[in-house]
Amino acid sequence: MNNGEHVLSGGCRCGAIRYEATSAPVSVSHCHCDSCRRSTGAPAVTFVMLRRADFRFLAAEPKFHESSPGVHRGFCPECGTPLSWHGDAQRHADVIELYVGTFDEPATLVPEFHIYYGERVAWYDTADHLPRYGELTSNAEPVSSAPKFLDGDAHQ
Ligand SMILES: [Zn+2]
Ligand SMILES: [Zn+2]
């Protein structure tokens, strides 16, 4: 998809922060962790992971808050919109994650799995059969592939 024409764009509510990416996402996932919840005010977030090499903020940079040691969450200093997540650790060095709601065309960015499902707010889930990992995808089998309210339509 990295043909020079594939451009994703987005920005904050007030328009002070704008960004673009020139390659397709590495992944799109729902995160139910407590840190995302507090950082956004939402019960869960949807992250779009992008290659840092193909991503840039345009006119202005966000302000960054260190939400955990070595983890930085970007937000607009003017309107407060939460925008991004990136980490200093080697395993995060090549990527940055943007919240799906900040993209100009979020419907084109389709989630593939859930992470930190074990930390979700008990009353919150989404109506899909995507794999649900207790923490990260790399350290466990999915804890579930669908919420209980969808059990009835899994005729297998
Ligand atoms: Zn703004
Ligand atoms: Zn999270």
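Numbers here are sequence positions counted from 1. Remember, it's 1-based here, ligands and their atoms both numbered in the order they're listed.
- A side-chain donor from one of His114 and Asp128 sits under 3.5 Å from a side-chain acceptor of the other.
- Listed for the Glu20 side chain is no donor-acceptor partner under 3.5 Å among the backbone atoms of Ser9.
- Here Cys79 contributes SG and Cys12 contributes SG, and at the Zn ion (ligand 1) these two atoms make an angle of 110°, given to 10°.
- Note on His32: not counted as a metal contact of the Zn ion (ligand 2), no N/O/S atom lying under 2.8 Å.
- For the residue pair Asp34 / Tyr116, no side-chain donor-acceptor distance below 3.5 Å is found, with atom types taken as modelled.
- Put simply, the angle at the Zn ion (ligand 2) from SG in Cys36 to SG in Cys33 is close to 110°, to the nearest 10°.
- Geometrically, Arg52 does not engage Phe55 in a cation-pi contact defined by less than 6.0 Å to the ring centre and at most 45° from the axis.
- Here Cys14 contributes SG and Cys76 contributes SG, and at the Zn ion (ligand 1) these two atoms make an angle of 110°, given to 10°.
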